[in-house]
Amino acid sequence: MAVLPIRDRNYLTERGLAFEEVDGSEKGVIFRDYVLPVGRFDQAKADILVLLPPGYPDVRPDMFFAMPWIKLSRSSQYPRAADQAHDYQGRRWQRWSRHNDQWRPGVDGIWTMLRRIDTALEAAA
Amino acid sequence: MTNFNIVFIEQQEADLRDLLHETKDVEGAAYVLLRECKITIDPWERRSRTKFVVREIVPIAAEHRVSSSGQHVSWDTGGFVALLQRCQREELVLAIAHCHPHGPRDFSEQDDRNEAELLRTACNRNGPATKLVSILFYDDGGIRARVWQYPKHKEDCKSVAVLGERLRFHFPTAPSPASEVFARQVLAFGPSLMSQLKALRVGIIGAGGTGSATAMLAARAGAAQILVVDDDIVEPTNLNRLHGANQSDADAMMSKADVAAREIARMGLGVRVVPLKGWANAPHVQDALKSCDIIFCCTDDNSGRIFLNRLAYFYFIPVIDMGLAMAVAKPPAVGMADISARVTTILPPETCLLCRDVVDTDLAREEDLRRRNPIEYDRQKREAYVRGEGNPNPAVVTFTTEVACMAVNELLNRIVGYRKREMGSEHRRRFLFCEDRATSASPRNSCSICASKLYWGMADVEPFLDLVG
């Protein structure tokens, strides 16, 4: 069952990015073994989850989530506003509270969210 | 036996007509690519139906044209086979269109033979389940269509709709005379309005202040098939503006949709009215909405608007969206700060509701979260990630009813064209200034819904409306 919109699926396929669509009462997309900025975290890779609210992509996704939990290499601390848990699909994910009020309905898509995730990871490190 | 309809938007029909009438008094032909809208159960006919939505007009290449005259047109089928390949890849249905500039107003025996042969080619190429559609434009501007299925079964489409500034439905049979109940309305706008309204399947989303009024007005105007969708029950605070509702409905916690349906049935106008309890985007409502020819959006629910906004572009179902703003002045000022009504019609190529900033997508997210996961909603509210409910908006029956009148009048105008000038797709009434304005808006750059044609006529797709549900 396809969960992601066509443009999102096309974008991820063209970019060669592995993704897993999760269908259920709460829908989401998981990027397995997403590569993190080198040397900045205690993990080189992590699964990244984006929850897809009803009405996405007209409605913005909000935060993103990581598994395993990621700490900063420098301080061995969790990054700012990334120390809360969110239970999803039987796993306890690390919630990165990164909000976005710049979403452009009808224009933005998963590419926008991935850019935001990359920016958040860079800024945290 | 299936039940078929075809839907064009005006620009597509005009482009096709230009191609078919390229040479005066000579038959012309072209291909049309269609997407299917499969309706499991039409709420009024209680059986399945397929609506074909026009996706693209394809001219016959000059090198494939063989000969044409006032009585015939023939072309090489090389392009036909190439398009069959595309149809299989993109889940399209292929149609051939031609014209009879001097009649007859029906398919000829030669058409029957040619189309049976084309069906054979199509089924050989794409399999026996392949459908072939044939569209005929005849001399007085009428359109009729039929669907061919393996091996040689052909069936007339019940209607061919051309939708835009005007809404025109072409039927293969002559309309029955209008009931004398509508004699005074016929005096105003003629009998054709009645036959068009009688055939329309009208969806009304929301049966509150504006929705209950819209439902009553549409029925009294002559709409004969009405769907009313609402998830709410009647409450005592609704009784100041809910047409047809009374205290006993509030006491019995009757659904607003059921009350509207009951009141329409009591009119005795022969309206077939179907009430549905649920939100616009609920799975059990989707099939019924796909069945509608036109939808009045009478909800103040943002997620419902997001959903209907896309439905208009995917399925070419005009959505007449209405809104009423009533704001009390903030002290020390007194009186009303604003009373204004808005009626916006969305359908390609008009600008969508998102680009018009009519929808608050953040509120839509919160409304859905509150409905689906109240615990998480409360948690996010505590953490201030959601705004929470505000105070109830003021509502006065005369104004909610007036916006409903504006919306139903928009439908009447699109059928009969009574206005002396085009008002565009949105107009606003500012009650404080006794002023009407036509307002326009441009699509946002590269909006996938209204600026690009990506979704226009896409019809059935997974996920539904290419939207997370």
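Below, each value reflects all heavy atoms present in this structure, side chains not excepted, and no hydrogens, waters or symmetry copies. We name chains A, B, ... by the order of the sequence lines, and we start the count at 1 in each one.
- Checked against side-chain hydrogen bond (donor to acceptor under 3.5 Å, both in side chains), A/E122 has the following partners two or more places apart in sequence or in another chain: A/R40.
- Using a 4.5 Å cut-off between heavy atoms, B/L467 touches chain A through backbone and side chain atoms alike.
- Of the two parts of B/L454, only the side chain, counted from C-beta on, holds a non-hydrogen atom closer than 4.5 Å to a non-hydrogen atom of chain A.
- Closest approach of B/P463 and A/A2 over heavy atoms only: CB-O, 3.8 Å.
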Can you pull out all donor-acceptor pairs below 3.5 Å that join chain A and chain B?
residue: A/I6; atom: N; partner: B/D466; partner atom: OD1; Å: 2.8
residue: A/I6; atom: N; partner: B/D466; partner atom: OD2; Å: 3.1
residue: A/R9; atom: NH2; partner: B/E462; partner atom: O; Å: 3.0
residue: A/G55; atom: N; partner: B/V468; partner atom: O; Å: 2.8
residue: A/Y56; atom: O; partner: B/V468; partner atom: N; Å: 2.8
residue: A/D58; atom: OD1; partner: B/R310; partner atom: NH2; Å: 2.9
residue: A/D58; atom: OD2; partner: B/R310; partner atom: NE; Å: 2.8
residue: A/R60; atom: NE; partner: B/D362; partner atom: OD1; Å: 2.7
residue: A/R60; atom: NH2; partner: B/D362; partner atom: OD1; Å: 3.4
residue: A/D62; atom: OD2; partner: B/R365; partner atom: NH2; Å: 3.4
residue: A/R95; atom: NH1; partner: B/E383; partner atom: OE1; Å: 3.4
residue: A/R95; atom: NH2; partner: B/E383; partner atom: OE1; Å: 3.1
residue: A/S97; atom: OG; partner: B/Y385; partner atom: OH; Å: 3.4
residue: A/G106; atom: O; partner: B/S448; partner atom: N; Å: 2.6
residue: A/G106; atom: O; partner: B/S448; partner atom: OG; Å: 3.1

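- Evaluation of the ring pair (Phe, Tyr, Trp, His ring centres under 6.0 Å) rule for B/F307 yields B/F464 as partners, not counting sequence neighbours.
- Pairs engaging residues 23-48 of chain A under the ring pair (Phe, Tyr, Trp, His ring centres under 6.0 Å) rule: none recorded [sequence neighbours left out].
- With a 4.5 Å cut-off on non-hydrogen atoms, B/V461 touches chain A through its side chain but not through its backbone.
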